[in-house]
Asks: 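Before I ask anything, let me first share the structure, which is written out below as structure tokens.
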Amino acid sequence: MKQNEVIAWVVERTLLRSVRYLQRGRDNWQKCGGGVWPIEEPIKLEQPAAEVGATDLTTALDAPASDAQVIDEEAPLVRVMRDTRDATNAKQVVLGLPLSRLLVQVLKFPIEMRDNLAEAVELQLDKLSPFPGEELAVSHEVLGEDEQHLWVLAAAMPAISSNALHEALAAAHVRVGRTDIALLGWIRSLCGELNLMRHGRLVLLSDLDDGWELIILDHGIPVFIRGLGSITDNETLVRELTLSILNAEIDIGHTPILEWIVLSQNDPDATLIAEITSLVETPVRHVKPQNDDGGVDGVALRTVEGASLNLTPQLWKNEIYEATIRQRMLVFVSVAAALWVLIMGTLFAGPFVYKQLTNRTRALSTAHSRVYRQVSNTRERVNLISKYMDRSDSPLEILRQTATLLPETGDVTWNDFFYKKGDNVKISGVSREDSVAIQYHKDIAAKLNFATTSQQGPKKVKDSYTFSIEGKFNAEEKK
């Protein structure tokens with residue numbers, strides 16, 4: 001089962017009930033399906049024990065072994081379980097069983113026994129079991145406590161019950177995660193409706209799942225439980241009830257009965273009601289449950305609420321554990337196989353893929369290189385054209401610019417103009433004043449595109465001053 005899903009089955013004598021609960025939110029569980037599947041033939045243990053008024057398990061000891069029912073692939077129970085499994089998509093379920101298939105007794109222990117309840121319950125059930133030497137699936141649940149005592153529900157599933165169910169479940173390919181008592185499911189479902197937690201002693205006589213079942217509650221705590229079987233005549237039933245009440249008063253003491261409730265889907269015989277009333281001198285009330293699936297609903301809700309009782313045999317638990325291990329191994333093997341295929345694929349396909357990627361990269365690189373060369377060649381041609389078209393450093397342009405800077409007073413006269421392309425320009429001349437020659441050099445340095453400028457002079461010669469100015473071009477070529 002999934003963690004957010006609970007599928008419960010209750011196996012009765014003539015039908016199988018199923019319910020499915022899903023978790024909606026943190027603490028909210030909702031019923032999302034279920035149904036009833038009739039069993040074509042009634043399920044038999046080894047003989048109908050109810051004819052003599054005893055439990056089915058007790059009388060089964062004396063039944064001949066040849067009467068045992070053999071579960072095969074086409075048995076009615078197997079077919080019903082398969083149909084239920086397919087309808088509810090159930091692979092693992094919570095199983096609810098009637099008292100007729102179990103050994104159940106409420107035990108009273110000192111509160112100091114809390115830590116050793118499992119051993120004490122197993123010892124008590126071994127003493128009570130009518131199946132000496134037979135392995136029992138034993139479990140218990142604390143029903144209530146006071147300052148001095150614990151009320152413990154002790155239950156066991158004998159092999160006579162588990163074997164047939166196990167074969168049917170295995171044939172239907174369904175695993176059981178937990179096994180509960182159907183009557184406890186009914187108590188869980190009807191607790192609020194019948195106000196079972198009220199103060200005083202209540203007696204419930206139930207004919208809902210698989211024959212008559214008797215439970216006595218003191219202040220809401222079950223103190224006596226007994227399965228009576230499928231009893232058809234009132235005389236036998238009243239006799240069994242009388243013995244059960246006497247047995248209960250011996251075990252738990254006498255307390256006036258507050259109310260006697262008969263739970264059944266059909267109206268009970270008026271004679272039976274009268275005989276029970278005269279037996280206990282207490283009003284007897286018949287209650288018909290509003291929900292026919294109250295038992296299986298209660299089993300599912302008890303599972304959600306974490307009920308400790310679990311009668312699942314160890315063999316069934318081992319099968320679940322082995323199935324879980326197999327599933328995990330299958331997942332592990334599948335993952336390992338996928339990784340192996342991935343690694344092998346990488347090893348074998350890697351070189352081919354690498355070669356393809358290399359070829360693609362080389363082709364892209366070649367294409368990019370071709371485009372780059374085209375762009376580079378175009379840039380070089382543009383630069384070359386720009387270089388030849390640029391007349392900013394031509395002799396005429398330099399001559400014009402330097403001549404423009406001559407003083408308008410005519411104080412400076414050129415003697416010589418020398419131009420060397422891409423290298424330098426030299427101007428020699430005379431001026432009337434040395435300051436005029438110096439200012440002329442400053443104007444050339446500031447306004448013309450020379451990398452550096454230098455001046456020799458001015459030097460006085462007779463009534464004038466001689467000078468020489470040199471300007472050097474940029475060493476880097478324009479791009």
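Heavy-atom basis, side chains included; hydrogens, waters and symmetry copies ignored.
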Asks: Please check this pair: side chain of S334 against backbone of L330, looking for a donor-acceptor N/O pair closer than 3.5 Å.
Replies: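 Side chain of S334 to backbone of L330: a pair is present.
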
Asks: Quick one: are D218 and R201 in side-chain contact, heavy atoms under 4.5 Å?
Replies: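 Yes, at least one pair of side-chain atoms sits under 4.5 Å.
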
Asks: Can you tell me if E213 uses its side chain to pair, donor with acceptor, with the backbone of L99 under 3.5 Å?
Replies: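 Yes, the answer is positive, given that a donor and an acceptor are paired below the 3.5 Å cut-off.
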
Asks: Determine the minimum heavy-atom distance between L15 and R17, stating which atoms define it.
Replies: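 Residues L15 and R17, closest heavy atoms: CD1-CG, 3.5 Å.
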
Asks: Just checking Q290: does its CD atom have more than 12 heavy atoms from other residues, nucleotides or ligands closer to it than 6.0 angstrom?
Replies: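 Counting other residues, nucleotides and ligands, CD of Q290 stays at 12 neighbours or fewer.
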
Asks: Out of V19, V296, L169, which one pairs with W9 under the side chain to side chain contact (heavy atoms under 4.5 Å, CB included) rule?
Replies: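 So, applying the side chain to side chain contact (heavy atoms under 4.5 Å, CB included) to W9 and each of V19, V296, L169, only L169 qualifies.
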
Asks: Test: salt bridge (charged side-chain N to carboxylate O under 4.0 Å, His left out). Region: residues 304-317. Which pairs qualify, not counting sequence neighbours?
Replies: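 Listed once each, the pairs are R188-E305.
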
Asks: Quick one: pull up CG in L309 and CD1 in I181 and give me the separation to the nearest 0.5 Å.
Replies: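 L309 atom CG to I181 atom CD1 measures 5.0 Å (nearest 0.5 Å).
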
Asks: In sequence, state the C-alpha distance, the side-chain angles, and the governing distance for L97 and M157, and then conclude on side-chain contact (heavy atoms from CB on, under 4.5 Å).
Replies: CA-CA 10 Å; L97 297 177; M157 182 193 299; 3.3 Å; yes

Asks: To the nearest 0.5 Å, what is the distance between OG on S162 and CG on L95?
Replies: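 If I round to the nearest 0.5 Å, the distance is 11.0 Å.
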
Asks: If the threshold is 4.0 Å, N to carboxylate O, is there a salt bridge linking E112 and R114?
Replies: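 Salt bridge flag = no for R114 with E112.
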
Asks: Within a radius of less than 6.0 Å around CG of N266, do more than 12 heavy atoms belonging to other residues, nucleotides or ligands occur?
Replies: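 Result for CG/N266: open.
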
Asks: From the options I7, N4, D297, select the one residue that forms a side chain to side chain contact (heavy atoms under 4.5 Å, CB included) with Y21.
Replies: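 It is D297; the other options fail the test.
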
Asks: Check whether more than 12 heavy atoms from other residues, nucleotides or ligands sit under 6.0 Å from atom CE of M344, and answer yes or no.
Replies: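 Enclosed.
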
Asks: After noting the C-alpha distance and the side-chain angles of L217 and L204, does the key distance pass the side-chain contact (heavy atoms from CB on, under 4.5 Å) rule?
Replies: CA-CA 8 Å; L217 299 97; L204 300 181; 3.9 Å; yes

Asks: What closest approach, in Å, do G471 and F450 show between heavy atoms, and which atom pair accounts for it?
Replies: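 That closest heavy-atom pairing would be C-CD2, 3.6 Å.
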
Asks: Ignoring hydrogens and angles, tell me if any N or O in the side chain of D146 forms a donor-acceptor pair with the backbone of H149 under 3.5 Å.
Replies: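 Flag set: sc D146 to bb H149 pair under 3.5 Å.
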
Asks: Side-chain contact test, heavy atoms from C-beta onward, threshold under 4.5 Å: evaluate it for V174 versus V93 and give yes or no.
Replies: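 The answer is yes; the side chains approach within 4.5 Å.
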
Asks: How many angstroms lie between CG in L143 and CG in L107, if you round to the nearest 0.5 Å?
Replies: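 L143 atom CG to L107 atom CG measures 10.0 Å (nearest 0.5 Å).
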
Asks: Is D180 salt-bridged to R302, going by a charged N under 4.0 Å from an acidic O?
Replies: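 Yes, D180 and R302 are salt-bridged.
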
Asks: For a quick test of reading the model, state the closest non-hydrogen atom pair linking S431 to V412 and the distance between them.
Replies: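 Smallest interatomic distance, heavy atoms only, reads CB-CG2, 3.9 Å.
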
Asks: Using a 3.5 Å distance criterion without hydrogens, assess whether the side chain of S189 forms a donor-acceptor pair with backbone atoms of G294.
Replies: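 Yes, the answer is positive, given that a donor and an acceptor are paired below the 3.5 Å cut-off.
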
Asks: Answer whether the closest heavy-atom distance between the side chains of E167 and L165 falls below 4.5 Å.
Replies: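 No, side chains not in contact.
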
Asks: Got a sec: does the NZ of K447 have more than 12 other heavy atoms crowding it under 6.0 Å?
Replies: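 Open: at most 12 neighbouring heavy atoms sit under 6.0 Å from NZ of K447.
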
Asks: Does S365 use its side chain to pair, donor to acceptor, with the backbone of T361 at less than 3.5 Å?
Replies: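 No, S365 side chain to T361 backbone: no donor-acceptor pair under 3.5 Å.
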
Asks: Under a 4.5 Å cut-off applied to non-hydrogen side-chain atoms, are P98 and E12 in contact?
Replies: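 No, too far: nothing below the 4.5 Å cut-off.
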
Asks: Heavy-atom count check: over 12 atoms from other residues, nucleotides or ligands less than 6.0 Å from Q327 CD?
Replies: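 No, the 6.0 Å shell around CD holds no more than 12 heavy atoms from other groups.
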
Asks: Tell me if the CD atom of Q456 is crowded by more than 12 foreign heavy atoms within 6.0 Å.
Replies: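 Counting neighbours around CD of Q456, 12 or fewer heavy atoms of other residues, nucleotides or ligands fall under 6.0 Å, so no.
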
Asks: Nearest 0.5 Å, please: how far is CD1 in I215 from CG in L184?
Replies: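 That separation rounds to 6.5 Å.
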
Asks: Strictly by modelled atom types, are Q314 and N318 linked by a side-chain donor-acceptor pair under 3.5 Å?
Replies: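 There is such a pair (donor and acceptor under 3.5 Å, judged by atom type) between the side chains of Q314 and N318.
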
Asks: Any side-chain heavy atom of L190 within less than 4.5 Å of one from L263?
Replies: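 SC-SC contact between L190 and L263 confirmed.
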
Asks: Would you say F418 and N424 make side-chain contact, with heavy atoms under 4.5 Å?
Replies: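 Heavy-atom side-chain distance check passes, below 4.5 Å.
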
Asks: Is H286 reaching over with its side chain to a backbone N or O of S264, donor-acceptor style, under 3.5 angstrom?
Replies: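 Answer holds: yes.
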
Asks: Considering all heavy atoms of both residues, which atom of Y440 and which atom of T402 are nearest to each other, and what is their separation?
Replies: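 The pair with the smallest heavy-atom distance is OH-O, 2.9 Å.
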
Asks: Are any side-chain N or O atoms of T303 and backbone N or O atoms of V299, one a donor and one an acceptor, separated by less than 3.5 Å?
Replies: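 Looks like yes, one N/O pair under 3.5 Å.
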
Asks: Measure from the side-chain N and O atoms of R85 to the backbone N and O of A172, and report whether any donor-acceptor pair falls under 3.5 Å.
Replies: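 Side chain of R85 to backbone of A172, a donor-acceptor pair under 3.5 Å: yes, one is there.
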
Asks: Taking R13 for the side chain and I39 for the main chain, is one N or O donor matched with an acceptor at less than 3.5 Å?
Replies: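 Such a contact is absent between R13 side chain and I39 backbone.
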
Asks: Could you tell me whether the side chain of E145 reaches within less than 4.5 Å of the side chain of I111, counting heavy atoms only?
Replies: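 A side-chain contact exists here, since the closest heavy-atom pair is under 4.5 Å.
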
Asks: Let me confirm one number: the CZ-OG distance from R362 to S369, rounded to the nearest 0.5 Å.
Replies: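 Between R362 CZ and S369 OG, I get 13.5 Å after rounding to 0.5 Å.
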
Asks: Please state whether the rings of H166 and W316 are parallel, tilted or perpendicular, taking 30° and 60° as the class boundaries.
Replies: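 The arrangement is parallel - the two ring planes meet at less than 30°.
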
Asks: Nearest 0.5 angstrom please: N377 CG to Q374 CD, how far?
Replies: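 Going from CG on N377 over to CD on Q374, the span is 8.0 Å.
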
Asks: Mind checking whether H199 and H219 have parallel, tilted or perpendicular rings, split at 30° and 60°?
Replies: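 Ring orientation of H199 relative to H219: parallel.
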
Asks: Are side-chain heavy atoms of Y465 and R432 found at a separation under 4.5 Å?
Replies: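 Y465 does not reach R432 side chain to side chain.
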
Asks: With a 3.5 Å cut-off and no angle check, do the side chains of D292 and Q265 form a donor-acceptor pair?
Replies: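 Checked: D292/Q265 side chains pair up, N/O donor to acceptor below 3.5 Å.
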
Asks: Pick one: which of I225, L311, L183 meets side chain to side chain contact (heavy atoms under 4.5 Å, CB included) with V104?
Replies: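 With V104 as partner, side chain to side chain contact (heavy atoms under 4.5 Å, CB included) holds for just one option, I225.
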
Asks: Can you give me the closest heavy-atom contact between N449 and F473, atom names plus distance?
Replies: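 Of all heavy-atom pairs spanning N449 and F473, the closest is O-CD2, 4.3 Å.
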
Asks: Report the C-alpha distance between L128 and Q105 in whole Å, list the side-chain angles of each, state the deciding distance to 0.1 Å, and finish with yes or no for side-chain contact (heavy atoms from CB on, under 4.5 Å).
Replies: CA-CA 9 Å; L128 298 173; Q105 185 163 0; 2.4 Å; yes

Asks: Let's go through R373 and V371 carefully: what are the C-alpha distance in whole Å and the side-chain angles of both, what is the deciding distance for side-chain contact (heavy atoms from CB on, under 4.5 Å) to 0.1 Å, and is it a yes or a no?
Replies: CA-CA 5 Å; R373 286 196 300 270; V371 173; over 6 Å; no

Asks: Taking all heavy atoms of A168 and all of V78, pick out the closest pair and write down the distance.
Replies: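 What the structure gives for the nearest pair is CA-CG2, 3.8 Å.
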
Asks: Take atom CG of D463 as the centre, draw a 6.0 Å sphere, and report whether it contains more than 12 heavy atoms from other residues, nucleotides or ligands.
Replies: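 Counting neighbours around CG of D463, 12 or fewer heavy atoms of other residues, nucleotides or ligands fall under 6.0 Å, so no.
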
Asks: Does R328 reach the main-chain N or O of I325 with its side chain, forming a donor-acceptor pair under 3.5 Å?
Replies: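 Pair absent, no side-chain N/O of R328 close to backbone of I325.
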
